[in-house]
Every structure is written in structure tokens, then in C-alpha cells.
There are 2 protein chains.
Amino acid sequence: MSIRHGLLALLERGQMYGYQLRAAFEESTGSTWPLNIGQVYTTLARLERDGLVRSLPESEAGQRPYTITDAGRADLALWFATPISRTDRPRDELAIKLALALTTPGVDVRAVVQNQRTATMRTLQELTRLKYASDRPEDLPWRLVLDAMVFQAEAEIRWLDHCETSLVRYRPAPEPGGRAAAQPTEARWDGEEARR
Amino acid sequence: MSIRHGLLALLERGQMYGYQLRAAFEESTGSTWPLNIGQVYTTLARLERDGLVRSLPESEAGQRPYTITDAGRADLALWFATPISRTDRPRDELAIKLALALTTPGVDVRAVVQNQRTATMRTLQELTRLKYASDRPEDLPWRLVLDAMVFQAEAEIRWLDHCETSLVRYRPAPEPGGRAAAQPTEARWDGEEARR
DNA sequence: CGGAGTATGCATACCTGGTATACGTTCCGC
DNA sequence: GCGGAACGTATACCAGGTATGCATACTCCG
């Protein structure tokens with residue numbers, strides 16, 4: 001629901017049309033997350049269907065501006081007033097990957113951790129480089145977005161290190177017989193282990 | 001692409017059918033991210049369409065097990081070998097929300113930050129409670145997933161505090177005239193500000 | 001001047017992720 | 001025996017996300 005409310009917030013500043021909305025969205029986050037133009041139009045259509053925006057008559061240059069409605073303003077206010085909870089965040093692909101790597105035969109978990117660590121370190125350097133590239137005080141929103149990514153990358157590094165030490169202590173030998181794809185007859189996960 | 005590869009990794013342990021796959025997936029992440037059963041079947045169909053899994057004949061009990069193919073094994077190995085980059089992560093809804101709050105008239109940014117902070121602190125307490133609930137050493141994957149969420153929540157707290165101090169220093173008065181929805185004639189974002 | 005390239009602008013097709021729901025069977029307890 | 005819980009598959013539907021088509025206007029350069 002991020003883009004819906006993002007467009008609503010931009011329309012709260014005044015009427016705008018699709019192309020403008022994309023530019024404003026990308027500018028407010030420093031082009032960190034490029035926004036496909038097609039999604040802007042489909043999202044605008046859905047917002048209009050739901051009564052949160054209203055499309056104005058096409059301008060002389062062929063642009064179709066939109067305005068936010070009262071219902072849209074209420075929805076936006078609710079979005080700003082409601083904190084983002086843990087349950088409506090997307091799945092953490094890295095965590096899933098590592099958790100599954102631990103129980104998948106033939107996977108070098110240490111290597112996965114190490115590869116990810118160097119990649120994340122590289123990202124972190126790139127982010128700090130970007131951070132000090134522009135120091136204009138009016139870029140506060142963009143710099144906060146950058147800081148969010150920096151903080152998150154640092155947390156990821158810490159977590160990866162934590163994983164590595166946990167691995168050493170708990171998993172000296174993951175599977176004593178090597179590749180364990182040898183039970184052909186029946187599946188090994190028959191549900192009674194699935195409930196903890 | 002998280003679930004595609006997740007199912008592939010589970011099938012690497014041996015043949016399984018849909019319902020089993022969901023149970024195994026949820027168990028390996030400690031039911032942190034519940035997986036809708038419908039998604040398992042549609043994803044399996046897409047994996048079979050792409051030649052990464054093969055469906056076996058229906059068992060006597062009416063279950064339809066799947067096996068991973070060689071192409072699937074190769075895809076899975078590639079997934080484990082390739083680190084997750086910054087660009088293919090989902091948008092950070094909280095960062096977008098705060099960046100937009102800064103430029104949206106009539107939004108109390110401090111309140112947004114404070115609300116989010118208390119909510120995240122609550123999740124953090126809940127997570128540490130969960131973390132010490134089970135200490136079985138064989139639950140390492142699940143505990144690592146939990147730790148990932150803890151590290152991320154802590155980073156979020158730090159970032160929110162950082163936002164608050166930045167706000168104090170840079171934005172003592174966001175809009176001197178109050179609600180600024182007063183320019184009715186023309187849109188205020190005409191593209192020449194959009195390029196930085 | 002003419003054409004190639006680029007920015008502006010809208011629209012649609014298509015795929016994946018995610019959810020709800022329908023619809024069966026089996027098993028177990030009351 | 002019957003009602004609910006667990007097991008199991010399947011489909012419809014919506015939102016997020018991407019690629020692409022298509023049109024106009026401006027600019028730059030030979």
C-alpha cells in the first residue's frame with residue numbers, strides 16, 4: 001500500500017497529473033526507488049475507483065490532472081497516524097534464504113554468509129559515498145531515506161556476523177554423510193514434525 | 001522471488017506435496033511469515049511451467065508430490081550463490097512515509113515518528129520474549145530469523161531517533177502559514193524542480 | 001531544413017505475490 | 001452418527017511491478 005498513499009500524499013500538495021507524480025515521488029526519495037510510470041496510472045485509476053481521488057478534465061496540453069478528495073484526505077491522515085506493524089512488512093528474503101540454507105543438503109552456509117557480507121559492505125560504502133555527495137539542507141527527506149538504508153545495511157552486517165558465530169558454535173558438521181538426497185521412497189516431512 | 005526459491009530449497013530435501021511444503025516452510029521460519037496455501041499451488045504450477053520442478057503421479061491418498069529437476073537444482077544453487085542486492089529489495093514503506101510526511105502540509109512529523117517508535121519498541125519486546133521462549137539448539141534457523149527481525153527493529157529505533165534529532169535541527173517551523181492548499185490555478189511542480 | 005535523438009505524457013498487457021474462498025476427504029470425540 | 005478439526009487441492013481475484021507501445025514536442029547537429 002505504499003504507492004497508493006505516496007500518491008495521495010503528493011496530491012495533498014495540489015493537483016498533479018501522472019508524469020508529474022512520478023517525478024515528484026522519485027525526487028522526494030532521491031531516486032532511490034525508481035517508480036514505473038505504468039504503475040502510477042493503474043494506481044490512479046484504482047484510487048479513483050475507490051473515491052480517494054477525482055480526475056479533472058484534460059488540460060489543453062493533453063494532461064489529465066487529479067485531485068485528492070475528502071475521503072482521500074481521511075485515508076491519508078489515517079496512514080500517517082497508524083504505525084507500520086511487523087505483520088504488514090514484506091518477508092525478509094535474506095533471512096529466509098539463510099534459514100533454508102541451514103536445512104538444505106549441499107549448501108555451504110558459510111559461503112552464503114560471506115558473499116552476502118561483502119556485497120552488503122559494498123552497498124554500505126556506496127551509500128555513504130552518496131550521503132556525502134550532496135549536503136544541501138533542503139534535501140533532508142532524501143538524506144533521511146539514505147540514512148534508513150545505511151542503518152539497515154549496518155544491522156544486516158551485524159546480523160551476518162552474529163550468524164557466523166552461531167554457525168561455528170552450533171553447526172560444526174551439518175550432515176555427516178555428505179549429500180543426503182538418498183531416501184527415494186517417501187517424503188521425510190510428514191507433518192508431525194511440523195507442529196512445534 | 002523468495003517463495004519460488006524457498007519451495008525449491010524444500011524440494012531439494014526430497015519430494016513433497018503442496019500442503020507439506022507450506023508446513024515445512026512455516027516451520028523453518030518459526031511461523032514468522034505465514035504462507036498462504038493458495039500461493040504454494042500457484043507457485044508450484046509456475047515452477048513446473050518453467051521446468052524447475054516436475055509433478056509426480058497422484059498418490060493413492062490423492063496427494064500430488066513434486067520433485068526438483070536438474071534445472072531447478074541449478075537455479076537454486078544460483079540463488080544461494082548470488083547475494084541479495086540493494087536494488088531488488090522492496091521499498092521501505094516507513095522511509096517513504098517519513099520522507100513524504102516532511103513535504104506534506106498539515107502533517108505532524110514528530111507525532112508520526114513518536115508513534116512509530118513506540119510501536120517498534122513494542123514489537124522489539126515481543127520479539128525478545130519469543131526469543132527466550134524456546135531455547136532448543138535444533139531451532140537455530142528459527143532463532144536466526146528472529147534475530148534478524150530484532151536487529152532490524154533495533155536499527156529502526158536508532159533511525160527514528162536520528163530522524164527526530166535531524167528534525168529538531170533542520171525543521172523548527174515546517175510551513176509558516178499553516179495549511180498551504182491555497183494555490184488553485186496551476187500545479188506547483190512543473191518538472192524543472194523535479195530534476196536535481 | 002530535415003531528421004535523429006530525447007523528454008514528456010498516457011495507456012495497456014502481462015507476470016508475480018498475496019488473500020479469500022470453495023470444495024472435498026478423513027479422523028476423532030461426544 | 002454427526003459435527004468439527006485437520007488434511008489436501010484448486011480457483012478467483014486484487015495489488016504491486018515491469019515492459020512496451022504510441023504519440024507529441026523540442027533540441028541539436030550536419
Side-chain angles (χ1 to χ4, degrees), chain A residues 1-8 15-27 32-50 52 55-66 75 79 87-93 96 187 189-195, chain B residues 1-8 15-27 33-50 52 55-66 75 87-93 96 187 189-195:
Chain A
M1 305 294 271
S2 189
I3 286 157
R4 271 175 83 94
H5 291 115
L7 297 188
L8 276 185
Q15 60 179 56
M16 292 168 111
Y17 51 89
Y19 203 82
Q20 253 179 339
L21 281 167
R22 181 181 69 161
F25 184 92
E26 293 195 349
E27 196 240 355
T32 308
W33 292 289
L35 180 57
N36 189 285
I37 184 63
Q39 200 171 347
V40 176
Y41 294 109
T42 53
T43 305
L44 280 174
R46 288 197 272 258
L47 285 170
E48 186 171 25
R49 178 201 60 189
D50 298 342
L52 305 182
S55 73
L56 302 175
E58 211 170 84
S59 80
E60 70 287 346
Q63 298 141 344
R64 173 174 289 282
Y66 286 81
D75 192 76
W79 184 55
T87 56
D88 50 33
R89 284 178 215 257
R91 281 180 243 270
D92 185 346
E93 177 161 357
I96 291 173
W189 293 84
D190 50 351
E192 59 190 352
E193 307 192 67
R195 288 285 131 239
Chain B
M1 307 294 273
S2 189
I3 286 156
R4 271 174 84 93
H5 291 116
L7 297 188
L8 276 186
Q15 60 179 55
M16 290 168 109
Y17 51 88
Y19 201 82
Q20 252 179 341
L21 281 167
R22 180 179 71 162
F25 183 91
E26 294 195 349
E27 198 240 355
W33 292 290
L35 180 58
N36 190 287
I37 183 63
Q39 200 170 347
V40 175
Y41 293 107
T42 54
T43 305
L44 280 174
R46 289 197 268 258
L47 285 171
E48 186 170 26
R49 178 201 60 191
D50 299 343
L52 306 182
S55 74
L56 302 175
E58 209 169 86
S59 79
E60 70 287 347
Q63 298 143 344
R64 173 174 290 282
Y66 285 80
D75 193 77
T87 57
D88 51 33
R89 282 175 217 260
R91 284 180 240 272
D92 185 346
E93 178 160 358
I96 292 174
W189 292 83
D190 49 353
E192 58 190 355
E193 306 193 67
R195 289 282 128 240

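Each chain gets a letter, A, B and so on, in the order its sequence line appears, and its residues count up from 1.
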**OP:** Would you mind reading off the distance between A:Glu26 atom CD and D:dT18 atom P, rounded to a whole angstrom?
**Re:** 11 Å
Original post:
Touch check for A:Arg22, heavy atoms < 4.0 angstrom, all strands: base, sugar-phosphate only, or nothing?
Top reply: nothing
Subject >> Separation of C:dG17 P from A:Ile3 CD1 (nearest whole Å) >> reply: 16 Å
Original post:
In terms of side-chain heavy atoms of B:Gln39, which of D:dT18, C:dT19, D:dT9 is nearest?
Top reply: C:dT19
**OP:** Could you tell me whether the side chain of B:Leu7 reaches within less than 4.5 Å of the side chain of B:Tyr66, counting heavy atoms only?
**Re:** no
Original post:
Can you check the B:Phe25 CZ to D:dG8 C1' distance for me, whole Å?
Top reply: 19 Å
Subject >> Whole angstrom value for the distance that separates P of D:dC7 from CD of B:Gln20 >> reply: 11 Å
**OP:** Check whether any side-chain nitrogen or oxygen of A:Arg49 sits under 4.0 Å from OP1 or OP2 of D:dA15, and answer yes or no.
**Re:** yes
**OP:** Compare side-chain N and O positions of A:Tyr41 against OP1 and OP2 of C:dC10 and report whether any pair is under 4.0 Å apart.
**Re:** yes
Original post:
Does A:Glu48 use its side chain to pair, donor to acceptor, with the backbone of A:Ser55 at less than 3.5 Å?
Top reply: yes
Original post:
What integer distance in Å separates B:Leu44:CG from C:dT16:P?
Top reply: 14 Å
Subject >> All side chain to side chain donor-acceptor pair (under 3.5 Å) counterparts of A:Asn36, not counting sequence neighbours >> reply: none
**OP:** Just compare C:dT16, C:dG9, D:dG17 and give me whichever is closest to any side-chain atom of B:Arg46.
**Re:** C:dT16
Original post:
How is A:Gly18 classified with respect to the nucleic acid when contacts are heavy atoms under 4.0 Å: base, sugar-phosphate, or nothing?
Top reply: sugar-phosphate
Subject >> Euclidean distance, atom CE of residue A:Met16 to atom P of C:dT8 [Å, nearest integer] >> reply: 13 Å
Original post:
Does B:Tyr19 put a side-chain nitrogen or oxygen below 4.0 Å from OP1 or OP2 of D:dT9?
Top reply: no
Original post:
When the distance from OH of B:Tyr66 to C1' of D:dA10 is rounded to whole Å, what number comes out?
Top reply: 10 Å
Subject >> Partner residues of B:Arg46 under the side chain to side chain donor-acceptor pair (under 3.5 Å) criterion, sequence neighbours left out >> reply: none
**OP:** Could you say whether B:Thr42 or B:Ile37 is positioned toward the 5' end of DNA chain C, judged by the nucleotide with the nearest heavy atom to each?
**Re:** B:Thr42
Original post:
Quick one: which of C:dT16, C:dA20, D:dG8 gets closest to the side chain of B:Asn36?
Top reply: C:dA20
**OP:** Could you state the atom-to-atom distance from CG of B:Asp50 to P of C:dC14 in whole Å?
**Re:** 17 Å
Subject >> Distance below 4.0 Å between B:Arg91 side-chain N/O and D:dG17 OP1 or OP2 >> reply: yes
Original post:
Base, sugar-phosphate, or nothing: which does B:Arg64 touch, judged by heavy atoms less than 4.0 Å apart?
Top reply: sugar-phosphate
Original post:
Out of B:Thr43, B:Ile3, B:Leu47, which residue meets the side-chain contact (heavy atoms from CB on, under 4.5 Å) rule with B:Leu8?
Top reply: B:Leu47
**OP:** Could you check which of D:dA15, C:dG17, D:dG8 has an atom nearest any side-chain atom of B:Arg4?
**Re:** C:dG17
